[in-house]
Structures are given as C-alpha cells and as structure tokens.
Amino acid sequence: NVCAGPDSRDPSSLPVAAVDYVKALKGGIKGLRVAWVPDPGYAKLVDPEVTAVCARAAKRFREMGCRVEEVNPGWPSPRQMWKAIFCGGVAARLAPYLPQRRADIDSGLAALIDETLSWGPTTYVQAWFDRMAWWEHPRRLFETYDIMLTPTVACPPFKIGLDNPSEIAGRPAEPYEWIPFTYPFNMTGQPACSVPAGFTADKLPVGLQIVGRRFDDATVLRAAAAFERAQPWHHLKPPID
C-alpha cells in the first residue's frame, strides 16, 4: 500500500514521500481543477463517438464538485521524438536477434526494427533534446489544473491481428495516430491511468485517461476511484457466444 521509495540498485528510481495509496483512494475530489482536453493540438483523427463518450465522463467530474473547463492547448506534436525514442529502444534490444530469429518476431515489429536501424544515431539524441523542450507544454497546463482528462485512445477497439487501424472516423490513419493521448506522458513521466468511460453504439468500450502532475500519483488514483464510484462498470460484461 505504501511506496517502497528509491533503491540504489535502480539508477532511475527517485526519492518520494511515503504514500498510503489505498487510503488515498478514499478521499474526495471536490474542488479539483480539471482540464477536459479533447484535442491537445495534434490529435487530428479522433472518432466523434469516442470524444462524445469522454465528454460525458468529464461532466461527471463537474457533478462530483470539480471545476471542469474544456481546454484546447494547441500543443505541437511530440510524435516524431517519441517514435525515435520508443522505436530506437525496441531496435536496440531486438536487432541482435533478427539474423537468426526473424521468423519468431512479429512481422510488424520486425519492419519497425528495420526502419529504425536505417536512422542515424543523432536522430535518437535529438529526440531526447526535443523531449526536454516539449516537457514545458504540460508543465504550464498543470500550473492551472490539478488533473487533465482526455480520451485514452482516438478510436474504438479495432480488429485483432492489426498493429494499427487503417482508418479513424472514415479517414486514413498513419501508424500510431490512434494513440496521440498516451505516449506524451510516457516521455514526461507524469502519472496517468485509464478508466472505463462508456460504450459506442456498437457496444465497444471507450476509456477516459486521467493525467496528473509529475509525482502526484495519489491524486490521479483518487480521481479514478471517485469516477468509478460515480459511474461503476464492473457489473457490465460482454455476452458469451
């Protein structure tokens, strides 16, 4: 229930105050300043049903006493820097296995590794500099707001076996255009979680992402727990054919 804290064996671990996360879940969220962000500025392909479901979920936070505002911050896309960091890491780990074990690696993943290996090393280094600069955008937003709400992904679930959907809302989609809301916070290190927000007309699930300030995991978890109490979902089960 309590954060274990830093460990010298993990150079990426950080000193944090001990928090009883189970106890934190029981607190209220009345008075929280909430930014509902349907588009950070670069999410050009978002299914309107997904946006509508998440907008209704954002209204729940107002009903729970939060001060909710729709915000469209106009951030530039971090996609290229994220792709360089993410794909560069994947390629560095798996490239040694390609010569002998290509058949054991998913074809989409193997193609990603091949593409990444064609980039120069400065692509990866530049992405880290760009990441540090982009960090300023969410930092400024969280000077005003306690949590940020977005759709979790830009489209309803797509067919099994696909790495990416071919289109979103009837428009052609490039790889990774379906996850514009999540990967930025992998780069900034801010706590984020997804909670079930509702369903499309086809009964496909839609998630709401809750993002908080860096190190403020407790507020994100408390907001998620409060939303699940206000809009329970665990009794909803898909039919078994």
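Residues take their numbers from the sequence shown, with the count starting at 1.
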Could you tell me whether [X] and [Y] make a salt bridge, using a distance below 4.0 angstrom between a side-chain N and a carboxylate O?
X: Asp20; Y: Lys23; result: no
X: Arg139; Y: Glu136; result: yes
X: Glu63; Y: Lys59; result: no
X: Glu174; Y: Lys44; result: no
X: Asp114; Y: Arg102; result: yes

Kindly state each residue pair satisfying ring-ring contact (aromatic ring centres under 6.0 Å, His included) with at least one member in residues 188-208, sequence neighbours excluded.
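Passing the test, one end in residues 188-208: no pairs.
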Do Pro138 and Trp75 have side-chain heavy atoms sitting under 4.5 Å apart?
yes
Side chains of Val211 and Val220, heavy atoms from C-beta outward: is any pair under 4.5 Å?
no
Strictly by modelled atom types, are [X] and [Y] linked by a side-chain donor-acceptor pair under 3.5 Å?
X: Gln231; Y: Arg60; result: yes
X: Glu228; Y: Trp233; result: yes
X: Thr150; Y: Gln209; result: yes

Would the Trp36 and Phe61 ring centres measure less than 6.0 Å apart?
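Centroid separation for Trp36 and Phe61: 6.0 Å or greater.
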Any idea how Trp82 and Tyr183 line up, ring-wise: parallel (<30°), tilted (30 to 60°), or perpendicular (>60°)?
parallel
Angle class for the Tyr176/Phe86 ring planes (parallel below 30°, perpendicular above 60°, tilted otherwise)?
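Taking Phe86 first and then Tyr176, their aromatic rings stand perpendicular (interplane angle over 60°).
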Residues that Asp10 engages under side-chain hydrogen bond (donor to acceptor under 3.5 Å, both in side chains), provided they are two or more places apart
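Per chain and number, Asp10 pairs via side-chain hydrogen bond (donor to acceptor under 3.5 Å, both in side chains) with Ser12.
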Mark yes or no for whether Asp39, through its side chain, and Gly41, through its backbone, hold a donor-acceptor pair below 3.5 Å.
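Flag set: sc Asp39 to bb Gly41 pair under 3.5 Å.
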